[in-house]
Amino acid sequence: MTAPEVPATGWSVRAGGPGGGVVEVQGSKNCFNHLGAVALAGDGLELRLDGVPPISDLDAVTRLVTGSGVDALRVDDALLLSGRPTTGDVDPVAAGRLRVSICYAAALAANVGRAVCPYPGGDAFTARPIDLHVRVLRAAGAECGHAEGGLLAVRFRSRPRAFDVRLTSRFGPSMGASVTALLVAAQAEGVSTLRGLCPEPEVAAVVAVLRAVGVLVEEVEDGEPGVVRVHGAGGPLSGSVRLAVPPDRIEAATYLIIGALRRTPTAVAGIGVHQFPAGLREAFTRVGLELRQHRAADGRPVTTVLGHALDATRVETGPHPAFPTDVQPQMAALLTQATGASTVTERVYDSRVSHVAQLARLGLRIDVHGDRQHVPGNQHARGGRATVTDVRCGAALLAAAAVADGPVVLHDPAAHLARGYGDLPAKLAQVGMAAERLAPPPGRGQDSLPGLLVGSAPAG
Ligand code: EPU
């Protein structure tokens with residue numbers, strides 16, 4: 001497999017085919033990003049991940065892992081991670097590109113005794129606190145502080161000890177802190193109790209890998225959801241495990257939304273209806289969209305979205321299986337085309353409205369009141385320019401471009417779309433849109449790139 005590069009140039013998009021095609025769903029970006037961290041909890045661990053997504057985060061994860069001394073080998077769409085970390089210094093460039101880097105630092109520190117890492121990078125639509133990660137590390141006996149250069153320094157003077165920790169913030173369970181806690185507890189001496197473990201599939205995938213290498217993770221009835229006991233191995237993990245990265249429900253939902261906006265029966269292959277969270281399925285039903293499942297000739301599930309009229313609705317994000325925050329911006333874009341006014345309420349983050357100002361540049365109005373977006377329906381989207389400020393903002397802009405009356409130029413200076421959406425031009429072609437890279441004007445650097453120019457083909 002060739003390494004998916006972060007585009008050094010922009011993209012250009014021309015009107016494409018009729019749409020109504022089949023989009024092959026990639027492996028989940030967020031599952032993959034967390035699964036990679038398991039490799040830093042190993043010593044003699046062999047982890048094979050099949051179906052890794054062809055996104056730029058693949059490079060960042062590979063660099064994070066190899067930078068610590070673990071071997072990484074790509075074979076077709078598989079990533080093989082093996083060996084053991086030899087340093088606690090986390091690659092600062094790769095870490096700066098990923099919100100999940102703190103999980104890698106935690107696994108590494110529990111393994112080799114120390115980690116020095118930048119504070120998390122990745123999407124910056126709101127603050128990225130790490131207090132829950134630090135809570136876990138301190139409960140396991142680590143010292144956490146600042147190192148020179150504004151870095152986070154974690155140090156264990158002896159093996160991590162068993163701990164009892166709560167993994168919820170005022171917004172509910174934290175996916176990242178849950179993975180941090182699992183990877184530290186798995187290497188600790190004794191039995192740790194984790195309370196409020198995040199119910200997202202990303203966390204379940206990490207639990208599956210830990211169990212496959214012999215770590216006992218017990219679900220406990222304790223009068224509250226998400227309590228698990230982790231029987232630590234008393235050191236780094238060993239063994240061999242092979243896992244297929246689950247399908248990317250967020251990518252799939254994005255293309256279903258674009259297909260619905262294009263008013264064509266778009267299909268996503270490799271994901272079944274019930275792999276979408278119930279909150280998302282229910283929101284689609286309320287809007288008037290029907291999801292149907294059939295099996296492809298090779299036995300894989302295929303989900304098709306049907307429906308032409310779009311009704312207004314109320315959407316509220318929440319932990320799995322509620323409506324996912326990572327589809328919230330795309331859904332807000334879709335609801336600008338509904339009959340009547342909708343509301344979209346964000347409950348996972350204190351704020352996630354980075355798409356609002358950018359959609360406004362395409363003529364789409366959303367009024368923000370606290371954590372709620374009021375979305376008037378029946379709006380007219382016009383062609384124009386907008387900036388991709390983070391990956392799902394970019395996805396919302398693609399959805400808006402699907403109904404815009406002319407080409408849309410997406411300026412994507414940090415290449416956010418490449419972080420989450422692999423094979424973008426080919427997949428957009430399946431939904432009746434065309435995109436290709438633009439070369440930068442001679443002598444101009446990446447910051448001045450025009451980005452992605454998106455247009456839509458007539459629906460057929
Ligand atoms: N939080 C804290 N303290 C912490 C950690 C989190 O207060 O120490 C808060 C956050 O500020 C937020 C809430 O807890 O309000 C939930 O955050 P969480 O930790 O679950 O998010 P995350 O692990 O940083 C992952 C995904 C996000 C996704 C969220 C929620 C990756 C790489 N990131 O982030 O994905 O929105 O879980 O499901 O998997 C995206 O793909 O667009 C994206 C941002």
Side-chain angles (χ1 to χ4, degrees), residues 26-37 53 55-58 60-61 64 94-95 97-106 119-139 144 152 165-183 196-206 226 245-246 248-254 277 279-280 317-331 346-355 371 388-396 414 416-421:
Q26 68 190 21
S28 160
K29 164 179 97 77
N30 290 349
C31 280
F32 166 68
N33 282 355
H34 285 102
L35 286 168
I55 55 178
S56 61
D57 274 9
L58 173 56
V61 165
L64 268 184
R97 277 165 56 190
L98 295 177
R99 173 183 279 266
V100 75
S101 53
I102 182 72
C103 302
Y104 287 70
Y119 286 85
D123 287 334
F125 48 81
T126 188
R128 286 165 293 196
I130 56 166
D131 54 301
L132 295 175
H133 299 261
V134 170
R135 181 191 291 176
V136 168
L137 288 161
R138 288 197 170 132
C144 301
L152 170 71
V165 77
R166 183 166 297 283
L167 299 163
T168 49
S169 74
R170 66 194 170 99
F171 297 104
S174 161
M175 183 193 296
S178 295
V179 171
T180 284
L182 285 165
L183 297 181
L197 194 79
C198 179
E200 300 285 340
E202 284 73 3
V203 177
V206 170
V245 179
D248 196 322
R249 63 196 186 283
I250 309 300
E251 186 211 27
T254 301
L280 182 72
T317 68
H320 188 83
F323 191 94
T325 176
D326 296 341
V327 187
Q328 182 260 98
Q330 302 89 306
M331 194 65 181
E346 176 57 49
R347 295 266 188 244
V348 174
Y349 291 102
D350 61 350
S351 172
R352 191 167 196 172
V353 291
S354 53
H355 54 287
D371 57 14
V388 178
T389 58
D390 55 82
V391 59
R392 308 306 170 192
C393 165
H416 284 295
L417 277 168
R419 287 195 51 223
Y421 293 89

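Each ligand, and each atom within it, is numbered from 1 in the order the structure gives.
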Between atom NZ of Lys29 and atom CG of Leu58, what is the distance when rounded to the nearest 0.5 Å?
12.5 Å
If we only count N/O pairs under 3.5 Å, is Gly172 in contact with ligand 1?
no
Under 4.5 Å between any side-chain heavy atoms of Arg419 and Ile55, yes or no?
no
Check: Arg97 and Ser56 side chains under 4.5 Å, non-hydrogen atoms
yes
Taking N or O atoms only and a 3.5 Å limit, does Val348 qualify as a polar contact for ligand 1?
yes
Hey, are Ser351 and Glu346 close enough side-chain-wise for a donor-acceptor pair under 3.5 Å?
no
For ligand 1, which atoms sit closer than 4.0 Å to a heavy atom of Ile130?
8 (O)
Side chain, backbone, both or neither: the part of Arg170 lying under 4.0 Å from ligand 1 by heavy atom
neither
Atoms in ligand 1 flagged as close to His34, the criterion being non-hydrogen separation under 4.0 Å:
31 (C), 39 (O)
Under 3.5 Å: N/O of Arg352 near N/O of ligand 1:
yes
Taking only heavy atoms of Tyr349 into account, list the atoms of ligand 1 that are under 4.0 Å away from them.
12 (C), 15 (O), 21 (O), 27 (C), 28 (C), 29 (C), 30 (C), 34 (O), 36 (O), 44 (C)
Within the side chain of Glu200, is there an N or O that forms a donor-acceptor pair under 3.5 Å with the backbone of His320?
yes
Considering only heavy atoms from C-beta outward, does the side chain of Cys198 approach that of Leu167 to under 4.5 Å?
no
Determine whether Val179 and Val203 make a side-chain contact, defined as any pair of heavy atoms from C-beta on separated by less than 4.5 Å.
yes
Under 4.0 Å from a heavy atom of Arg392: which atoms of ligand 1 are those, numbered in the order shown and with their elements?
40 (C), 41 (O), 42 (O)
Quick one: does Leu132 get an N or O within less than 3.5 Å of an N or O on ligand 1?
yes
Check whether any side-chain heavy atom of Arg249 lies under 4.5 Å from a side-chain heavy atom of Val327, and answer yes or no.
no
Sub-3.5 Å N/O-N/O distance, Pro129 and ligand 1
yes
Taken in chain and number order and not counting sequence neighbours, the residues that satisfy ring-ring contact (aromatic ring centres under 6.0 Å, His included) with Tyr349 are Phe125
Is Thr325 in polar range of ligand 1, meaning some N or O pair under 3.5 Å apart?
no
Within the structure, does Glu200 bring an N/O atom to less than 3.5 angstrom of an N/O atom in ligand 1?
no
Counting heavy atoms only, which part of Thr126 comes closer than 4.0 Å to ligand 1: side chain, backbone, both or neither?
neither
Is any side-chain heavy atom of Tyr421 closer than 4.5 Å to a side-chain heavy atom of Val391?
yes
Is Glu202 in contact with ligand 1, taking contact as a heavy-atom separation below 4.0 Å?
no
Tell me whether Asp326 is salt-bridged to Arg352, with the criterion being a basic N under 4.0 Å from an acidic carboxylate O.
yes
Which of the numbered atoms in ligand 1 are under 4.0 angstrom from any heavy atom belonging to Val391?
42 (O)
Record the part of Ser169 in heavy-atom contact with ligand 1 below 4.0 Å; permitted values are side chain, backbone, both and neither.
side chain
Heavy-atom side-chain contact between Thr180 and Leu132 under 4.5 Å:
no
Contact atoms of ligand 1, heavy-atom distance to Gly176 under 4.0 Å
19 (O), 23 (O)
Is the backbone of His34 close enough, under 3.5 Å, to the side chain of Glu202 for a donor and an acceptor to pair up by distance?
no
Under 4.0 Å to a heavy atom of His133 - the qualifying atoms of ligand 1, by number:
8 (O)
Indicate, as side chain, backbone, both or neither, the part of Asp326 found under 4.0 angstrom from ligand 1 when only non-hydrogen atoms are considered.
side chain
Give the single entry among Arg99, Met175, Glu346 that approaches atom 24 (O) of ligand 1 most closely by any heavy atom.
Arg99
If you measure from each non-hydrogen atom of Lys29 to ligand 1, which part falls under 4.0 Å: side chain, backbone, both or neither?
side chain
